[in-house]
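This report refers to the structure that appears directly beneath it.
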Amino acid sequence: TLPLDDNRDVILFPEKVGGKYWMIHRPSNRVGPEYGLELPAMWISSSDDLLDWDRGTVLAKGEYEWEGGKIGGNTPPIKTPLGWLTLYHAVGADKLYRLGALVLDLDDPRIVRYRSRDWLLQPETWYELEGYYPGVCFPCGKVVIDDTLFVYYGGADKYVGLATCSMTELLGYLEQCPV
């Protein structure tokens with residue numbers, strides 16, 4: 001079973017890695033000196049059977065100004081030649097939810113190889129700024145077709161948006177952001 005945590009943003013990897021199942025999650029109650037965290041962060045845990053999960057380790061915490069508040073994972077990772085591409089959201093001091101990207105090691109997803117230094121998407125249009133939760137871009141799914149990454153996201157928790165980019169360009173950018 002999962003540890004008794006207030007888990008949010010729970011995301012499973014689409015396949016086993018190193019013979020284990022993996023998940024990214026944000027246990028909101030793991031904050032404080034005993035965790036070395038002032039704000040909620042992304043953790044990664046593994047399991048042999050999808051029932052019993054280890055306590056996990058911190059995968060990423062807010063480091064850049066645009067990530068001023070909590071961060072959390074979004075959408076299952078996609079296997080690429082560079083590593084496991086995963087999107088994440090961060091809440092800045094201005095309360096806007098922006099998107100960034102991590103690339104995790106293919107063989108040990110606890111290792112972050114690349115991380116976007118700047119946000120990749122932020123709320124700008126009326127349907128991202130007006131709604132149930134104004135100022136939110138929150139990815140809910142992604143797929144790659146040919147060289148295009150399609151990211152389906154919630155705008156202001158009321159609308160559905162679609163953002164696209166070239167996978168080649170995105171991975172090229174991330175290669176310039178080693179951790």
Side-chain angles (χ1 to χ4, degrees), residues 7-27 30 35-37 39-47 53-92 96-123 136-154 161-179:
N7 267 308
R8 309 282 172 98
D9 309 326
V10 178
I11 301 133
L12 293 173
F13 278 64
E15 64 184 68
K16 285 184 171 183
V17 179
K20 293 186 175 285
Y21 297 99
W22 291 88
M23 77 167 171
I24 297 170
H25 55 118
R26 190 186 76 216
R30 291 192 199 172
Y35 300 105
L37 298 169
L39 296 166
M42 293 168 57
W43 289 63
I44 188 164
S45 297
S46 65
S47 171
W53 293 87
D54 65 25
R55 286 288 291 166
T57 57
V58 175
L59 181 66
K61 60 183 180 178
E63 294 181 15
Y64 303 111
E65 187 175 329
W66 64 272
E67 302 172 329
K70 63 188 175 191
I71 69 170
N74 296 102
T75 72
I78 292 176
K79 194 175 195 177
T80 74
L82 201 56
W84 290 101
L85 171 66
T86 189
L87 300 179
Y88 68 96
H89 67 275
V91 183
L96 295 180
Y97 277 62
R98 294 176 176 91
L99 304 186
L102 303 171
V103 177
L104 310 177
D105 188 86
L106 284 174
D107 299 317
D108 186 350
R110 295 171 295 188
I111 300 170
V112 178
R113 294 285 180 202
Y114 306 96
R115 181 178 184 170
S116 57
R117 294 183 189 106
D118 299 308
W119 51 265
L120 303 175
L121 180 69
Q122 76 166 352
V136 173
C137 288
F138 197 93
C140 301
K142 66 181 183 284
V143 64
V144 177
I145 300 174
D146 297 322
D147 184 50
T148 303
L149 174 65
F150 293 80
V151 179
Y152 299 88
Y153 68 96
L162 172 62
T164 62
C165 70
S166 159
M167 279 292 287
T168 301
E169 289 179 21
L170 176 59
L171 294 176
Y173 162 71
L174 289 167
E175 277 187 297
Q176 305 303 309
C177 305
V179 173

- Message: Using the rule given for side-chain contact (heavy atoms from CB on, under 4.5 Å), can you reason through Tyr97 versus Tyr153, listing the C-alpha separation, both sets of side-chain angles and the distance that settles it, and then say yes or no?
- Response: CA-CA 11 Å; Tyr97 277 62; Tyr153 68 96; over 6 Å; no
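- When all heavy atoms are compared, the tightest approach of Ile71 to Gly62 is CD1-N, 3.8 Å.
- Taking every heavy atom of both residues into account, Leu170 and Leu120 meet most closely at CD1-CD1, 3.9 Å.
- Side-chain contact between Leu12 and Tyr21 is absent, with no heavy-atom pair separated by less than 4.5 Å.
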- Task: Would you check, one step at a time, whether the test side-chain contact (heavy atoms from CB on, under 4.5 Å) holds for Leu149 with Lys142?
- Result: CA-CA 7 Å; Leu149 174 65; Lys142 66 181 183 284; 4.0 Å; yes
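- Between Ile44 atom CD1 and Ile111 atom CD1 the span is 10.0 Å, to the nearest 0.5 Å.
- Atom OG1 of Thr164 and atom CD1 of Ile145 lie 10.5 Å apart (nearest 0.5 Å).
- For the residue pair Arg115 and Ala60, the shortest heavy atom distance occurs at NH1-CB, 3.9 Å.
- The residue from Tyr114, Trp22, Phe13 that alone fulfils the ring pair (Phe, Tyr, Trp, His ring centres under 6.0 Å) condition with Trp84 is Phe13.
- Between Leu96 and Trp119, every side-chain heavy-atom pair lies at or beyond the 4.5 Å cut-off.
- In this structure, CG in Leu99 is found 4.5 Å from CG in Leu121, a value given to the nearest 0.5 Å.
- Contact of the Pro77 side chain with the Ile11 side chain is registered, since non-hydrogen atoms from C-beta on lie closer than 4.5 Å.
- At distances below 3.5 Å, not a single donor-acceptor pair connects side-chain atoms of Ser116 with backbone N or O atoms of Gly100.
- Residues Val17 and Leu106 have side chains not in contact (no heavy-atom distance under 4.5 Å, counting atoms from C-beta outward).
- Taking each heavy atom of Thr148 and Met167 in turn, the nearest pair found is C-CG, 4.4 Å.
- Taking CD of Glu67 as the start and CD of Glu65 as the end, the distance is 11.0 Å to the nearest 0.5 Å.
- Around atom CD of Glu175, more than 12 heavy atoms belonging to other residues, nucleotides or ligands sit under 6.0 Å away.
- Residues Asp9 and Ile24 form no side-chain contact, since every pair of their non-hydrogen atoms from C-beta on lies 4.5 Å or further apart.
- Checked by atom type and distance alone, the side chain of Arg117 pairs as donor or acceptor with a backbone atom of Gln176 at under 3.5 Å.
- When the shell of 6.0 Å around CZ of Arg110 is examined, it contains 12 or fewer heavy atoms from other residues, nucleotides or ligands.
- In terms of modelled atom types and a separation under 3.5 Å, the side chain of Asp147 and the main chain of Ser166 share no donor-acceptor contact.
- Using a 4.5 Å heavy-atom threshold, the side chains of Asp118 and Tyr173 count as touching.
- Under the 4.5 Å side-chain criterion, counting only non-hydrogen atoms from C-beta, Arg26 is not in contact with Tyr88.
- Few gaps surround CD on Glu63; more than 12 heavy atoms of other groups in view lie less than 6.0 Å from it.
- In plain terms, the two heavy atoms of Ala41 and Pro27 that are nearest each other are O-CD, 4.1 Å.
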- Item | Check against side-chain contact (heavy atoms from CB on, under 4.5 Å), Val151 and Asn74 | CA-CA 10 Å; Val151 179; Asn74 296 102; over 6 Å; no
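- Note on ring orientation: taking the six-membered ring where Trp is involved, the planes of His25 and Trp43 are tilted (angle from 30° to 60°).
- The CH2 atom of Trp53 sits 5.0 Å away from the OG atom of Ser47 when rounded to the nearest 0.5 Å.
- Between the SG atom in Cys137 and the CD atom in Gln122 there is a gap of 8.0 Å [rounded to 0.5 Å].
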- Message: For Leu39 and Lys61: C-alpha separation, side-chain torsions, deciding distance, then whether side-chain contact (heavy atoms from CB on, under 4.5 Å) applies.
- Response: CA-CA 8 Å; Leu39 296 166; Lys61 60 183 180 178; over 6 Å; no
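- Two residues are said to be in side-chain contact when any heavy atoms from C-beta on lie closer than 4.5 Å; Val144 and Thr80 fail this criterion.
- Scanning both residues, Thr75 and Gly141, for their nearest heavy atoms gives CG2-N, 3.3 Å.
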